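Here the structure is a predicted model, which is why all the values come from computation and not from measurement. Atom set for the values below is all heavy atoms of this structure, side chains included, hydrogens, waters and symmetry mates excluded.
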Amino acid sequence: QVQLVESGGGSVQAGGSLRLSCAMSVMYVGSACIGWFRQAPGKEREGVAAIDRDGHSTYADSVKGRFTVSRDNIKNTIDLQMNSLKPEDTAMYYCAAHFELDGPACAVPSFRGGNYWGQGTQVTVSS
């Protein structure tokens, strides 16, 4: 059974950085479309970043230029480097994997989730 486990969340001040990691078990991370999502209290879940099997990445407009998604083939993780964090980035962050999607379907905002989800990691940014 594929499992996703997020880590790296925490509390930072505005302008700070965090690096989230999504570890996948059983399957190779490069065999799936993987996205990062976030949900703040009282708000709908939104796609933040996605990376397809070829390593092409897309981002929500709200994080472009600040967030970078990457794949670590050795650790078998999908990482999300978050810089210049803002209070509005505060949310629970989740990663999701879909093994049947690729190309344009594996892109923000088209990719809305996958077969598998992690449990989430909390990011809190204070002003």
inquiry  = Main chain of Val125, side chain of Thr90: is a donor-acceptor contact present, judged purely on distance under 3.5 Å?
reply    = yes
query = Which residues pass the salt bridge (Lys or Arg N to Asp or Glu O under 4.0 Å) test with Asp89, sequence neighbours left out?
reply = Arg38, Arg66
note = When rounded to the nearest 0.5 Å, the distance separating OG of Ser57 from CG of Asp52 is 8.5 Å
task = Applying side chain to side chain contact (heavy atoms under 4.5 Å, CB included) between Trp36 and each of Val63, Ile51, Val69, Val108, report the one that passes.
result = Val69
query = Is the backbone N or O of Arg53 less than 3.5 Å from a side-chain atom of Arg71, with the two atoms forming a donor-acceptor pair by type?
reply = yes
task = Taking the side chain as every heavy atom from C-beta outward, state whether Tyr93 and Thr121 have any pair of such atoms under 4.5 Å apart.
result = yes
query = Under 3.5 Å, is there a donor-acceptor pair between the side chain of Asn83 and the main chain of Ser17?
reply = no
request  = Would you list the pairs meeting salt bridge (charged side-chain N to carboxylate O under 4.0 Å, His left out) in which at least one residue belongs to residues 76-88, sequence neighbours left out?
outcome  = Arg19-Asp79
message = Tell me if a side-chain donor or acceptor on Gln39 pairs with a main-chain N or O of Ala91 at a distance below 3.5 Å.
response = no
task = Working to the nearest 0.5 Å, report the span between CG of Leu101 and CD1 of Ile34.
result = 12.0 Å
ask   = Is any side-chain heavy atom of Val123 closer than 4.5 Å to a side-chain heavy atom of Leu20?
value = yes
ask   = Can you find a heavy atom in the side chain of Met27 that is under 4.5 Å from one in the side chain of Tyr116?
value = no
request  = First locate atom OG1 of Thr124, then atom CD of Gln13, and finally report the distance between them rounded to the nearest 0.5 Å.
outcome  = 13.0 Å
inquiry  = Taking the side chain as everything from C-beta on, heavy atoms only, tell me whether Cys33 gets closer than 4.5 Å to Asp102.
reply    = no
note = Nearest heavy-atom contact between Ala107 and Pro104 is CB-O, 3.4 Å
key: Ring geometry between Phe37 and Trp117 (parallel below 30°, tilted from 30 to 60°, perpendicular above 60°)   = tilted
message = Contact between Met24 and Ile78 at the side-chain level, heavy atoms closer than 4.5 Å - yes or no?
response = no
inquiry  = On a heavy-atom basis, which atom in Asp72 and which in Lys75 lie closest, and how many Å separate them?
reply    = OD1-N, 2.9 Å
inquiry  = Restricting to non-hydrogen atoms, name the atom on Glu46 and the atom on Ser62 that form the minimum distance, rounded to 0.1 Å.
reply    = OE1-OG, 4.3 Å
request  = Quick one: closest heavy-atom pair of Gly47 and Ala60, and the distance?
outcome  = O-CB, 3.4 Å
In one Ile/Leu/Val/Met/Phe/Trp/Tyr side-chain cluster, 4.5 Å: Tyr59, Leu85 = yes
request  = Quick one: sort the Phe111 and His98 rings into parallel, tilted or perpendicular, breaks at 30° and 60°.
outcome  = perpendicular
inquiry  = To check you understand the geometry: which heavy-atom pair defines the closest contact between Ala49 and Leu80, and what is its length?
reply    = CB-CD1, 4.1 Å
request  = Provide the closest heavy-atom pair for Pro87 versus Ser127 in the form atom of the first, atom of the second, distance.
outcome  = CG-CB, 3.9 Å
ask   = Quick one: CD on Gln81 to OG1 on Thr68, what's the gap to the nearest 0.5 Å?
value = 7.0 Å
key: Short side-chain to backbone donor-acceptor contact, Gln119 and Val5, under 3.5 Å   = no
